[in-house]
**Student:** 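Take a look at the following structure, please.
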Amino acid sequence: RLLSLKQLQRDLEEVKELLAKATRKRLRDVLTTEKHKLELEIKNQPPPKPKDAAEEEKSSLGGYTVKINNYGWDQSDKFIKIYISLNGVQKLPAENVQVNFTERSFDLLVKNLNEKNYTMTFNNLLKPISVEGSSRKIKTDMVLVMCRKKREEKWECLTQVEKESKEKEKAAYDTSDPSEGLMNLLKKMYAEGDDEMKRTINKAWVESREKQSKGDIPMDI
């Protein structure tokens with residue numbers, strides 16, 4: 001289109017030059033008609049797309065995509081609220097911040113923020129949400145995703161995976177035998193602890209064994 005417009009403009013300039021030199025009426029009438037025709041074509045040409053707008057559109061569709069892992073969350077009786085920090089997000093056009101909701105999930109896409117795209121996906125939400133009642137709000141350096149609860153009840157966590165993980169961990173220490181539960185807890189602390197933690201647990205174990213052998217206390221661990 002740009003080439004076509006330039007060609008039309010060159011043709012118009014040439015017609016104007018010929019018209020200025022023409023002396024015979026018939027020739028002038030033909031050139032005048034051609035001049036009006038060219039001017040109308042030029043007028044009807046779509047304006048060229050600004051370079052930065054074209055570059056911005058290209059960047060919004062491609063570029064480097066970053067997966068968001070950090071967030072905060074809160075809840076009220078009606079909503080689950082997920083807070084995602086993104087510097088400068090309030091400067092983007094509203095359509096660059098998109099959230100797609102389903103009954104048990106949502107996807108966030110932030111396009112062309114500091115020449116990058118940002119995504120976050122939550123699958124297997126703990127309980128169903130209302131797609132129509134859910135929304136997103138753009139705040140200063142933050143996106144707030146509002147998931148409308150289908151039932152006004154407290155959620156203990158965000159996803160089904162988190163719930164299952166907590167239940168497994170609880171089952172490991174919630175036994176009918178208190179000493180067995182304590183032993184499991186100590187094993188976990190020992191496995192995950194640093195050298196100082198391991199020395200402390202070993203020392204407590206030795207002291208407990210010594211007291212038990214002397215008959216001072218029953219063997220609890």
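Index from 1, following the sequence.
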**Student:** Determine whether more than 12 heavy atoms belonging to other residues, nucleotides or ligands lie under 6.0 Å from atom CG of Asp194.
**Tutor:** yes

**Student:** Any salt bridge between Lys111 and Glu95, counting N to O under 4.0 Å?
**Tutor:** no

**Student:** Please round to the nearest 0.5 Å and tell me the distance separating atom CG of Asn100 and atom OG of Ser105.
**Tutor:** 7.0 Å

**Student:** Is it true that Lys35 and Glu39 make a salt bridge, defined as a side-chain N closer than 4.0 Å to a carboxylate O?
**Tutor:** yes

**Student:** Say whether, by atom type as modelled, one donor and one acceptor occur between the side chain of Arg136 and the main chain of Val99 under 3.5 angstrom.
**Tutor:** no

**Student:** Just checking, any donor-acceptor pair under 3.5 angstrom between side chains of Gln75 and Lys149?
**Tutor:** yes

**Student:** Taking all atoms of both residues into account, what is the closest heavy-atom pair of Cys157 and Lys166, and its distance?
**Tutor:** CB-NZ, 4.0 Å

**Student:** Walk me through it: do Asn124 and Thr159 pass the test side chain to side chain donor-acceptor pair (under 3.5 Å)?
**Tutor:** CA-CA 6 Å; Asn124 298 316; Thr159 66; over 6 Å; no

**Student:** Do you know the tightest heavy-atom contact between Met120 and Asn70?
**Tutor:** CE-O, 4.1 Å

**Student:** Got a sec, which residues hit side-chain contact (heavy atoms from CB on, under 4.5 Å) with Thr32, two or more places apart in sequence or on another chain?
**Tutor:** Leu19, His36

**Student:** Of all the heavy-atom pairs spanning Leu92 and Asn112, show the shortest one and how long it is.
**Tutor:** CD2-O, 3.3 Å

**Student:** Is the closest side-chain heavy-atom distance between Glu103 and Ile129 below 4.5 Å?
**Tutor:** no

**Student:** Can you name the closest pair of heavy atoms from Pro128 and Trp155 and give their distance?
**Tutor:** O-CZ2, 4.1 Å

**Student:** Where do Ala94 and Ile138 come nearest, in terms of heavy atoms and distance?
**Tutor:** CA-CD1, 4.2 Å

**Student:** Within this structure, what is the OH-CG distance for the pair Tyr118 and Leu86, rounded to the nearest 0.5 Å?
**Tutor:** 6.5 Å

**Student:** Which residues pass the salt bridge (charged side-chain N to carboxylate O under 4.0 Å, His left out) test with Lys25, sequence neighbours left out?
**Tutor:** Asp29

**Student:** To the nearest 0.5 Å, what is the distance between CD (Glu14) and CG (Leu12)?
**Tutor:** 10.5 Å

**Student:** Classify the ring geometry between Phe122 and Tyr71 as parallel (under 30°), tilted (30 to 60°) or perpendicular (over 60°).
**Tutor:** perpendicular

**Student:** Leu8 and Glu41: which non-hydrogen atoms are nearest, and at how many Å?
**Tutor:** CD2-OE1, 3.6 Å

